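Written below as structure tokens is the structure these notes are about.
Owing to the predicted nature of the structure, the values given are computational and were not obtained by experimental measurement.
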Amino acid sequence: MIQRIQSVWLLLVAAFAVLTFKLPCFNGIHTDGTPAAVTATATIPLIIVSAAITAIALIAVFFYKKRPVQIRLCIVGIILQLLCIYLYYNEIKNFKTGDPTLWSMIYIGGIFFFVFAARAIYKDNKMVKESERLR
């Protein structure tokens, strides 16, 4: 389970998703004039989507014997990451001024790590099928 590289990628996605609850992706001045930062705890939909990304990444790690399910979970994770970016974009529209932080790259990294995990799972699946064919 942990020897496989996709487990590392999925654990990195889960770690990044947990970090989004504490680290802001945008700092600025809200439309009402107060300084604010946008994290995953900004709105209920962001909390739900970020928690779902974390759960999907952790669940996918333990489905190491069911590679097609793992690939599907990675695809769902990518879709949820894109939804999360959209929700952040909608939240950032409520600011007068501000700048994205370095931590905003976590979401792009999460997408890449899901893609890397899916590629590694696909390669594992291909290798298992080829070894079964040789028997």
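The side chain to side chain donor-acceptor pair (under 3.5 Å) contacts involving residues 13-24 comprise nothing, where partners must be two or more places apart or lie in separate chains. Sorted by first and then second residue, the salt bridge (Lys or Arg N to Asp or Glu O under 4.0 Å) pairs with a member in residues 107-127 read R4-D124; sequence neighbours excluded.
Qualifying side chain to side chain donor-acceptor pair (under 3.5 Å) partners for Y122, counting only residues two or more places apart in sequence or in other chains: none. When the ring pair (Phe, Tyr, Trp, His ring centres under 6.0 Å) test is applied to F116, the partners found at least two apart in sequence or on another chain are W9. The side chain to side chain contact (heavy atoms under 4.5 Å, CB included) check on A120 picks up I5, Q6, with sequence neighbours excluded. Taking I85 as the reference, Y107, I108, I111 meet the side chain to side chain contact (heavy atoms under 4.5 Å, CB included) condition, with sequence neighbours excluded. Every residue two or more places apart in sequence or in another chain that forms a side chain to side chain donor-acceptor pair (under 3.5 Å) with T34 is listed here: D32. Every residue two or more places apart in sequence or in another chain that forms a side chain to side chain contact (heavy atoms under 4.5 Å, CB included) with A52 is listed here: L80. Applying the side chain to side chain contact (heavy atoms under 4.5 Å, CB included) test to A36 and every residue at least two apart in sequence or in another chain returns F95. Residues passing the side chain to side chain donor-acceptor pair (under 3.5 Å) test with T39, sequence neighbours excluded: T41.
You'll find the side chain of F26 reaches within 4.5 Å of the side chain of P100, heavy atoms only. Using a 4.5 Å heavy-atom cutoff, the side chains of L87 and V49 are in contact. By the 4.5 Å heavy-atom criterion applied to side chains, S50 and C84 are counted as neighbours. Using a 4.5 Å heavy-atom cutoff, the side chains of F113 and L10 are not in contact.
The NE2 atom of H30 sits 11.0 Å away from atom CD1 of I92, with the distance rounded to the nearest 0.5 Å. To the nearest 0.5 Å, atoms OG1 (T101) and CD1 (I106) are separated by 8.0 Å. Atom CZ of F16 is separated from atom CZ of F112 by 12.0 Å, given to the nearest 0.5 angstrom. Separation of atoms OG (S104) and CG (N27) is listed at 10.0 Å; rounding is to 0.5 Å. Interatomic distance, CZ of F21 versus OG1 of T54, reported as 5.5 Å (0.5 Å rounding). Separation of atoms CD1 (I121) and NZ (K66) is listed at 14.0 Å; rounding is to 0.5 Å.
Heavy atoms only, all atoms of each residue included: V13 and A57 are closest at CG1-CB, 3.9 Å. The two residues I53 and Q81 have their closest heavy-atom pair at CD1-OE1, 3.5 Å. Considering every non-hydrogen atom in both I71 and A118, the closest pair reads CG1-O, 4.4 Å.
L83 and I48 fall into different hydrophobic clusters, where Ile, Leu, Val, Met, Phe, Trp and Tyr residues are linked whenever their side-chain heavy atoms come under 4.5 Å apart, directly or through other members.
Residue I29 is found outside any hydrophobic cluster, as its side-chain heavy atoms come under 4.5 Å of no other Ile, Leu, Val, Met, Phe, Trp or Tyr.
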